[in-house]
Number of protein chains: 4
Amino acid sequence: MTTAPAPRADAARNRELLLAAAEAEFAERGDEASAASIARRAGVAKGTVFRHFATMDELIAAIVAKRLAHLTALAREQLDSDDPAAGLYRFLIVAADQRTQLDLRFLMSVSNDCTAACVRDELHGEVVRLVDRAQASGALRADITGTDVFLLMCSPLHAVENLPGPPRPNLWRRYLDLIFDGLRPQGAHPLSEPAPDWGTDRTPGS
Amino acid sequence: MTTAPAPRADAARNRELLLAAAEAEFAERGDEASAASIARRAGVAKGTVFRHFATMDELIAAIVAKRLAHLTALAREQLDSDDPAAGLYRFLIVAADQRTQLDLRFLMSVSNDCTAACVRDELHGEVVRLVDRAQASGALRADITGTDVFLLMCSPLHAVENLPGPPRPNLWRRYLDLIFDGLRPQGAHPLSEPAPDWGTDRTPGS
Amino acid sequence: MTTAPAPRADAARNRELLLAAAEAEFAERGDEASAASIARRAGVAKGTVFRHFATMDELIAAIVAKRLAHLTALAREQLDSDDPAAGLYRFLIVAADQRTQLDLRFLMSVSNDCTAACVRDELHGEVVRLVDRAQASGALRADITGTDVFLLMCSPLHAVENLPGPPRPNLWRRYLDLIFDGLRPQGAHPLSEPAPDWGTDRTPGS
Amino acid sequence: MTTAPAPRADAARNRELLLAAAEAEFAERGDEASAASIARRAGVAKGTVFRHFATMDELIAAIVAKRLAHLTALAREQLDSDDPAAGLYRFLIVAADQRTQLDLRFLMSVSNDCTAACVRDELHGEVVRLVDRAQASGALRADITGTDVFLLMCSPLHAVENLPGPPRPNLWRRYLDLIFDGLRPQGAHPLSEPAPDWGTDRTPGS
DNA sequence: AATGAATGAGGCTTCATTCAT
DNA sequence: TATGAATGAAGCCTCATTCAT
């Protein structure tokens, strides 16, 4: 069961250091982040980055996986709330609030990474469950799916990014509210396109 | 009297070729687009890119300006429609439908370009007008602003980008419908954050 | 005899404009001077530069030739002065004073240009003549040659260039005086190297 | 105790290789020298140039600093010679002889580099000391300064550069002798310009 | 396992020169 | 002849990745 020897303690710590540094760099500097700046921030040598993550894409995949796993956990926390709709709403709040939503652009450039794809599927599953519960309780319109909510999850944060001038840290809540109102049964109009398939059976990629 | 722009015919054509090639490259390859790939696609030498656009940023600014100007025109077309809400909805449709919405992230990396900023402000103004009319007609909830709609404009396209698997070209309509339902008066819940200022009086930046 | 038709008037004027602009640009901006900046300064299109001078090197050669020819004229003016040594001194003064001495670096990168080489040889000849007269008058030490003086001609200007801080426009005179004192018979010490040959019979080069 | 600089051995060697290659390239090809040609000559990859010198200017500054530091050392060696004038003369000889005098034009394009400026000031100081001693001994005319000699230091090499035809490796000695004769008290004529200030208190520049 | 030097492909930009108008 | 657009070879520099220590 113990496949890894002891001295890994240091290595594991470095891995965490690097992940944290990378998240921070990508968050602060976006595309400007580089292996060098991440290593510097983590306090390790550049070579160490590549000992832990063979490729920059792998690093990104690891971040994404971590973030998505965290989101999955948050979703599960809300699965047994008394008010299903409130639970879903709270999930969407905490998910964004903890800036846990890394720009999902990354997911696409990495979607052929198996790990990230799997963990994303898992999160998707939880969101589906949350949505199903809320629909069963009648608080959500019947013509939407968990996949819809999954896809819309980042919209509040995206919307806010296009506002010029100084950032308004909580403004995204406004757009979450607005979008959430669109998910309710009241005043729902028919949708012009059918719901998308999540497509669980993906081919592994290249 | 028009003796001057004689050899400009070719040049103007090249400029359009370049803009088109650049749009296509950025659309297809995003950050990977380069002056070289754009030139290749346009069928001109690399140096020609820089005759027309002194800087890569200038090229991007030109694309953004062109796209936003187009959107502005589309918005104006809907300003005198009989049904204001339908007009706004149609604007949002055609805007997205013509994939006219270049990823607005670019605007941020270029926001210090005066032209792009100005033309963006102009588009914002038209959207505000459209929204005001729709509100006056009672078809839109009263607690939202044109700025809100402006910020949400790209959300349908963004949402769709996160769907794994083969693309569904019109799926974005589904999310436009959903979001639009959230803008209606029926079933509106109070919003947790006040509307943002557009901040017309921006400082030019260094 | 009239090999050139009338419309050359314009062309000739442009040629002078270009030469003047090029001199000014090289003087002000040194290596930073470019075909574009020269054309701009001359008020013509870039293509026109190359109609008059097939190559940048040719332009430089033309400038050098013009400058050297001017120097030659100045030298001749002093050939019949009463006091030969004073004549030589005055020549050295006016040569430098009129900033007629373009950085001779150029000469080297162009020395295979026949025109420039010829006109330089001519100037050399005049300097030799001035020096010979001065030596005959006993005002110059006997162990130096006109070639020596020719080579030292630019030294005062070169020396001054290495002074940091704000330029002292006439400081070069100090070094001309100093060097000139070294050319006098008084206190002359034997020289460790024989005088160089000018080498009149140069091969034209590629 | 000296565990740190272990892998530096190779790096240091490369740095020297690069400096040497750069000196050679600049000497042979002047402005034509490029990062690529330097790297090729040093037998390293182009990127390695920039690991050692962040900028081309930095490389040049390093060369200049190295050369000037060497000159400074040579000057100090002569400070305690018995015959002050001979010491100064020997300094000027060895300085030029070891082709240690890189074209000082470079200094100007780099004068905002603090290191180079400082080391140049240092060399200037030593020359001043050598000249002061020689003046005190009566072997040098009284109306010149160390700054004068500093400025004239490169003149013999410059003079030689203007001789067409095959190079005469030691010809510069002839002009050093000539110039040195001008520095002696015998036959000195009054100088038309006062001595320049070195201007020790330069502002650092932006 | 960690380090940091080395690599080399690739990006942006400049500029002398050519060429169609 | 003049124009100015087009060309393409370099130039400088960055950065992910590899490798010797």
Side-chain angles (χ1 to χ4, degrees), chain A residues 5 7-12 14-15 32-39 43-59, chain B residues 4-15 31-39 43-57 59, chain C residues 5 7-11 14 32-39 43-59, chain D residues 4-15 31-39 43-57 59:
Chain A
R8 286 285 171 73
D10 249 42
N14 268 351
R15 191 174 201 277
E32 316 284 78
S34 72
S37 69
I38 290 170
V44 304
K46 197 163 41 151
T48 303
V49 177
F50 294 94
R51 169 164 304 283
H52 289 279
F53 308 95
T55 274
M56 222 58 199
D57 272 7
E58 205 172 302
L59 208 199
Chain B
R8 291 282 166 65
D10 253 44
R13 203 178 125 273
N14 268 348
R15 191 176 201 276
D31 285 342
E32 314 285 78
S34 73
S37 69
I38 291 171
V44 302
K46 206 171 20 164
T48 303
V49 177
F50 295 97
R51 158 162 300 279
H52 290 278
F53 308 97
T55 277
M56 222 52 193
D57 271 9
L59 209 200
Chain C
R8 286 286 170 71
D10 249 42
N14 270 351
E32 315 283 80
S34 72
S37 69
I38 290 170
V44 303
K46 197 165 39 155
T48 303
V49 177
F50 294 95
R51 169 164 305 283
H52 290 279
F53 307 95
T55 274
M56 221 60 200
D57 273 7
E58 204 172 302
L59 209 199
Chain D
R8 289 284 166 64
D10 252 44
R13 201 178 128 274
N14 268 349
R15 190 175 202 278
D31 284 343
E32 315 285 78
S34 72
S37 69
I38 291 170
V44 303
K46 205 171 20 163
T48 302
V49 177
F50 296 99
R51 157 164 300 279
H52 290 277
F53 308 97
T55 277
M56 222 53 192
D57 272 8
L59 209 200

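Here is the naming used below: chain letters follow the sequence lines, and residue numbers restart at 1 for every chain.
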Roughly, in whole Å, what's the span from [atom1] in [X] to [atom2] in [N]?
X       : N      : atom1 : atom2 : value
A:Met56 : F:dT14 : CE    : P     : 17 Å
C:Glu58 : E:dA16 : CD    : P     : 15 Å
B:Phe53 : E:dG11 : CZ    : P     : 19 Å
D:Ile38 : F:dC13 : CD1   : C1'   : 14 Å
D:Asp57 : F:dG11 : CG    : P     : 16 Å

May I ask you to evaluate whether B:Asn14 reaches the phosphate of F:dA5, defined as a side-chain N or O under 4.0 Å from OP1 or OP2?
->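 For B:Asn14, the contact criterion (side-chain N or O under 4.0 Å from OP1 or OP2 of F:dA5) is not met.
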Counting only side-chain N and O atoms of B:His52, is one of them less than 4.0 Å from OP1 or OP2 of F:dA6?
->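 Yes.
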Side chain of [X] only, heavy atoms from C-beta on: which candidate in [options] is closest?
X       : options                : answer
B:Ala35 : E:dC12, E:dT7, F:dT7   : E:dC12
D:Thr55 : F:dT17, E:dT17, F:dC13 : F:dC13
D:Phe50 : F:dC12, F:dA2, E:dA2   : F:dC12

Which part of the nucleic acid, if any, lies within contact of C:Val49, taking any heavy atom under 4.0 Å across all strands shown: a base, the sugar-phosphate backbone alone, or nothing?
->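 Here C:Val49 touches no strand at all.
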Protein N or O to nucleotides 8-10 of chain E N or O, pairs below 3.5 Å:
residue: E:dG10; atom: O6; partner: D:Lys46; partner atom: NZ; Å: 3.2

Between CZ on residue A:Arg15 and OG1 on residue A:Thr48, distance to nearest 0.5 Å |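 One gets 13.5 Å once the value is rounded to the nearest 0.5 Å.
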Given the rule that a pair is Watson-Crick or G-U wobble with both distances under 3.5 Å, how would you write DNA chain E in dot-bracket, using | for pairs to a different strand?
-> .||||||||||||||||||||
Starting from the 5' end of DNA chain F, give me the residue, C:Arg51 or D:Glu32, whose nearest nucleotide shows up first.
->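 Checking each residue's closest nucleotide, the 5'-ward one belongs to C:Arg51.
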Mapping B:Arg15 and D:Ala33 to their closest nucleotides on DNA chain F, which lands nearer the 5' end?
->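 The residue closer to the strand's 5' end, by nearest nucleotide, is B:Arg15.
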side-chain contact (heavy atoms from CB on, under 4.5 Å) with B:Ala36: which residues, sequence neighbours excluded?
->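 side-chain contact (heavy atoms from CB on, under 4.5 Å) list for B:Ala36, sorted by chain: B:Ser34, B:Arg40, B:Lys46.
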Shortest non-hydrogen contact from A:Val49 to A:Ala35?
->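 For A:Val49 versus A:Ala35, the nearest heavy atoms are CG2-O, 4.1 Å.
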